[in-house]
Undergrad: 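To start, I am sharing the structure in question, which I have written as structure tokens.
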Amino acid sequence: MGTSTFAERLSQIQDEVAEAAHRVGRATEDITLIGVSKRKPVEDMQQAYNVGLRDFGENRAQEVRDKFPGFNPDGIVRHFIGHLQSNKVKYLPGRVDIIHTIDSTRIADAVDQRFGGQDLCIPVLVEINISGEANKEGVEPAQAMELAAYCAEKPNLQFQGLMTIGPLTSDAARIRRAFREMMLLSEQVVKQVGTSGKTAILSMGMSSDFKIAIEEGATHLRVGTALFGAREY
Ligand SMILES: *Cc1c(COP(=O)(O)O)cnc(C)c1O
């Protein structure tokens, strides 16, 4: 990525999103590009905002606590996309607009209580381990319906859809199969559980596989490296 500017990278990715959407007859407006800004300073996020990025993704509760609300310009949407522990949920109310990673009833309860404590209602997605890989967060596909229904019953959670991380492989056919399964699962869950009148969300696709994700029905892409550059851990 060398000397390219953020604006150039954003515009490049937006073109690729539009092309992939076009290939399968989808409208670009139905696809949201989330810039995953984890481990990147607020200055980089401000720069991204200045050239039009509005959706930001973070995966650590403490980083959310430190970055927001210091950075909270008009119109941004703050996505929490990381694994969540009950004792860290307290950092999130008022600092995130949606949580992609509900993976147990315990976490659903913790989020419901913490947001409810501040009279807030938070949209949530259920994270699915679609490829069955060990060490992967998320519930098995067979448990999706139950956990989604559980979230939908909670007074301070709005169930809005599913999220997954694609299989860690360079085998495009395997990635596509996983995303296709997610789309089918998402349709079943949304049909049965509903999304309280909101548009269903299917969050999948990262820097290496977002084009496949678009072709298979993703509504929200989580792109870090391809936009913000490599991360230092
Ligand atoms: C870091 C991260 C991303 C972005 O990954 P890139 O490969 O840098 O695009 C997407 N989703 C989740 C859950 C992440 O933690």
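Note that ligands are numbered from 1 as they come in the structure, with each ligand's atoms numbered from 1 the same way. FYI, the numbering just counts along the sequence from 1. Every value quoted in this text rests on a predicted model; they were computed, and no experiment measured them.
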Undergrad: The test is side chain to side chain contact (heavy atoms under 4.5 Å, CB included); show your working for Glu216 and Arg176 and say whether it passes.
TA: CA-CA 7 Å; Glu216 299 304 331; Arg176 187 177 298 281; 2.8 Å; yes

Undergrad: Flag the pair Phe228 / Phe6 as yes when their ring centroid distance falls below 6.0 Å, and as no otherwise.
TA: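 Yes - the distance between ring centres of Phe228 and Phe6 falls below the 6.0 Å cut-off.
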
Undergrad: Side chain or backbone of His100 under 4.0 Å from ligand 1, or both, or neither, by non-hydrogen atoms?
TA: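 It is neither; nothing of His100 touches ligand 1.
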
Undergrad: Does the side chain of Asn59 come within less than 4.5 Å of Val36's, by heavy atoms?
TA: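 No, side chains not in contact.
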
Undergrad: Could you identify the single nearest non-hydrogen protein atom to atom 2 (C) of ligand 1 and state the distance to 0.1 Å?
TA: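 Here the closest protein heavy atom is Lys38 NZ, 2.6 Å.
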
Undergrad: Ring centres under 6.0 Å, that's the criterion: do Phe71 and Phe56 meet it?
TA: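 Judged by ring-centre distance (under 6.0 Å), Phe71 and Phe56 do meet the cut-off.
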
Undergrad: Side chain to side chain donor-acceptor pair (under 3.5 Å) between Asp55 and His79: does it pass, once the steps are laid out?
TA: CA-CA 7 Å; Asp55 289 78; His79 299 257; 2.7 Å; yes

Undergrad: Using a 4.0 Å cutoff against the non-hydrogen atoms of Ile81, which atoms of ligand 1 qualify?
TA: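 In order of numbering, the contacting atoms are 11 (N), 12 (C), 13 (C), 14 (C).
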
Undergrad: Given side chain to side chain contact (heavy atoms under 4.5 Å, CB included), test Arg78 with Lys67 step by step and report yes or no.
TA: CA-CA 11 Å; Arg78 301 158 298 180; Lys67 282 178 172 175; over 6 Å; no

Undergrad: Tell me the protein heavy atom at minimum distance from atom 5 (O) of ligand 1, and give that distance in Å.
TA: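 Its nearest protein heavy-atom neighbour is Met206 CE, 3.5 Å.
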
Undergrad: For ligand 1 and Gly224, I'd like to know whether there is a polar contact (N/O to N/O, distance under 3.5 Å).
TA: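 Yes; at least one N/O pair falls below 3.5 Å.
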
Undergrad: Quick one: look up the protein heavy atom nearest atom 8 (O) of ligand 1 and list residue, atom name and how far away it is.
TA: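 Nearest protein contact, heavy atoms only, for atom 8 (O) of ligand 1 is Thr225 OG1, 2.5 Å.
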
Undergrad: Report yes or no: is the cationic atom of Arg95 (NZ for Lys, CZ for Arg) under 6.0 Å from the centre of the six-membered ring of Phe68, at an angle within 45° of the ring normal?
TA: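 No, cation not above the ring by the 6.0 Å, 45° rule.
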
Undergrad: Look at atom 11 (N) of ligand 1 and say which protein heavy atom is nearest, naming residue and atom and giving the distance to 0.1 Å.
TA: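 For atom 11 (N) of ligand 1, the nearest protein heavy atom is Arg222 NE, 2.9 Å.
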
Undergrad: Starting from atom 6 (P) of ligand 1, locate the nearest protein heavy atom and write down its residue, its atom name and how far away it is, to 0.1 Å.
TA: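 Result: Ser207 OG, 3.5 Å.
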
Undergrad: By number and element, which atoms of ligand 1 are closer than 4.0 Å to a non-hydrogen atom of Val223?
TA: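 With Val223 as reference, the close atoms of ligand 1 come out as 9 (O).
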
